[in-house]
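Scroll down for the structure; my scribbles are underneath it.
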Amino acid sequence: MAFGGGKVILLGEHSVVYGRPALAAGLTRGVEATARVAEADALRIEPWGLDVSPDPQADQPLARAFHALLAPYGASRQAVAIDATVDLPSAAGLGCSAALGVAVAGAVDQALGIERDAEGRAGAALTWERVFHGNPSGIDTAVSAQGGVIVYRKGEPIERVHPRAPLRLVVAHSGEQSTTKEMVEMVARQHEKATERLDKTFDAIAAIVRNARLAIEAGDLRALGQLMDLNQALLNSLLVSTARIEELCTAALEAGALGAKLTGAGGGGCVIALVDTDASAEHVLRALEQMDAEVFEVEAGA
Ligand code: PMV
């Protein structure tokens with residue numbers, strides 16, 4: 001069995017596309033996949049009930065991604081049938097597509113007897129991820145394959161971060177779907193028109209990320225929460241937040257969260273709220289549930 005973990009971006013989404021650092025953490029929820037040598041290449045995805053065949057021309061992105069992932073294995077390889085089970089909401093900023101790519105690449109490796117480390121698997125899954133995201137920074141596949149808490153910067157080796165205190169997050173799905181590709185393209189258009197202003201915003205987010213790393217290593221969750229709020233304000237200035245996301249963040253903070261922000265591309269998807277005690281977790285969970293959000297608690301990077 002091969003596993004691709006879901007992830008949360010703790011801080012630094014979007015600016016990471018422009019070479020700034022981001023902090024991300026793996027989740028214990030994700031995608032499991034098994035593969036066996038078969039007559040023809042096939043991918044079955046549950047619980048979606050989807051059967052996918054590799055096809056570079058297909059309308060269905062999954063078929064194109066499956067083709068892109070298999071291509072580097074070469075024409076002389078044996079065919080593989082893969083069963084994948086997804087335990088993550090899709091289009092939610094929790095890295096579902098990357099987790100699928102990492103799990104599928106891992107399962108294919110196992111079926112064909114190929115040995116590869118986590119970095120290699122993340123690289124293999126990036127060809128898959130490009131079909132969905134156009135210009136992915138690589139953070140999703142990296143953290144999906146590696147787990148833990150990492151600082152990611154495009155083109156640089158991953159830096160592992162060791163939290164001094166558990167990073168307990170309440171995750172709430174806004175109920176709004178968004179596509180990462182469109183959100184990244186929307187920020188790119190702003191960057192083209194107002195390069196200097198956007199670069200300043202990205203630099204400010206980079207400073208927040210550096211301070212957040214220190215706060216995580218020192219176990220200073222109060223400081224981390226404040227930095228998450230600052231990051232959220234800057235994401236809002238990039239127009240990737242929504243009224244619903246702002247409402248969820250406010251409700252989480254009023255219920256006692258130390259900080260709250262969107263995670264991933266924004267435009268919908270999930271909000272993460274940092275909590276430090278059972279009581280505050282319970283309050284925040286209840287408050288967000290009352291706003292009709294699908295809510296669950298995770299320990300990031302566990
Ligand atoms: O929506 P997600 O979870 O795939 O996160 C995207 C993160 C971005 O920084 C917006 C894009 C990227 O490729 O890093």
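Each ligand, and each atom within it, is numbered from 1 in the order the structure gives. By convention here, the first residue in the shown sequence is residue 1. Treat the numbers as computed from the prediction; the structure is a model and nothing was measured.
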Should the pair F202 and Y18 be assigned to parallel (<30°), tilted (30 to 60°) or perpendicular (>60°) ring geometry?
-> parallel

Residue, atom and distance of the protein heavy atom nearest atom 1 (O) of ligand 1 read T180 OG1, 2.8 Å

Considering the heavy atoms of H14, write down every atom of ligand 1 situated less than 4.0 Å from one of them.
-> 8 (C), 9 (O), 10 (C)

Answer side chain, backbone, both or neither: which part of M183 comes under 4.0 Å from ligand 1, heavy atoms only.
-> neither

Would you tell me which option among K7, E13, R20 has the nearest heavy-atom contact to atom 3 (O) of ligand 1?
-> K7

Is V37 reachable from M1 through a run of hydrophobic residues whose side-chain heavy atoms are each under 4.5 Å from the next?
-> no

Nearest option to atom 13 (O) of ligand 1, as decided by whichever heavy atom of A142, S137, G93 sits closest = S137

Between R153 and E159, is the closest basic N to carboxylate O distance under 4.0 Å?
-> no

Hey, is ligand 1 close enough to V16 that some N/O pair sits below 3.5 Å?
-> no

Basic-acidic side-chain contact under 4.0 Å: R20, D203 = yes

shortest atom 4 (O) of ligand 1-to-protein heavy-atom contact is with D140 OD2, 2.7 Å

Quick one: which ligand 1 atoms are inside 4.0 Å of a heavy atom on P136?
-> 13 (O)

L23: which of I208, V149, N231, V143 passes side-chain contact (heavy atoms from CB on, under 4.5 Å) = V149

Give the contacting part of I9 toward ligand 1: side chain, backbone, both or neither, where contact means a heavy-atom distance below 4.0 Å.
-> side chain

Can a salt bridge be assigned to the pair D83 and R44 using a cut-off of 4.0 Å between side-chain N and carboxylate O?
-> no

Do NZ/NE/NH1/NH2 and the carboxylate oxygens of R77 and D41 come within less than 4.0 Å?
-> yes

One finds that the ligand 1 atoms under 4.0 Å from a non-hydrogen atom of I139 are 14 (O)

The closest protein heavy-atom partner of atom 5 (O) of ligand 1 is G264 CA, 3.5 Å

Would you mind checking if R121 and D109 are paired as a salt bridge, meaning a charged N to carboxylate O distance below 4.0 Å?
-> no

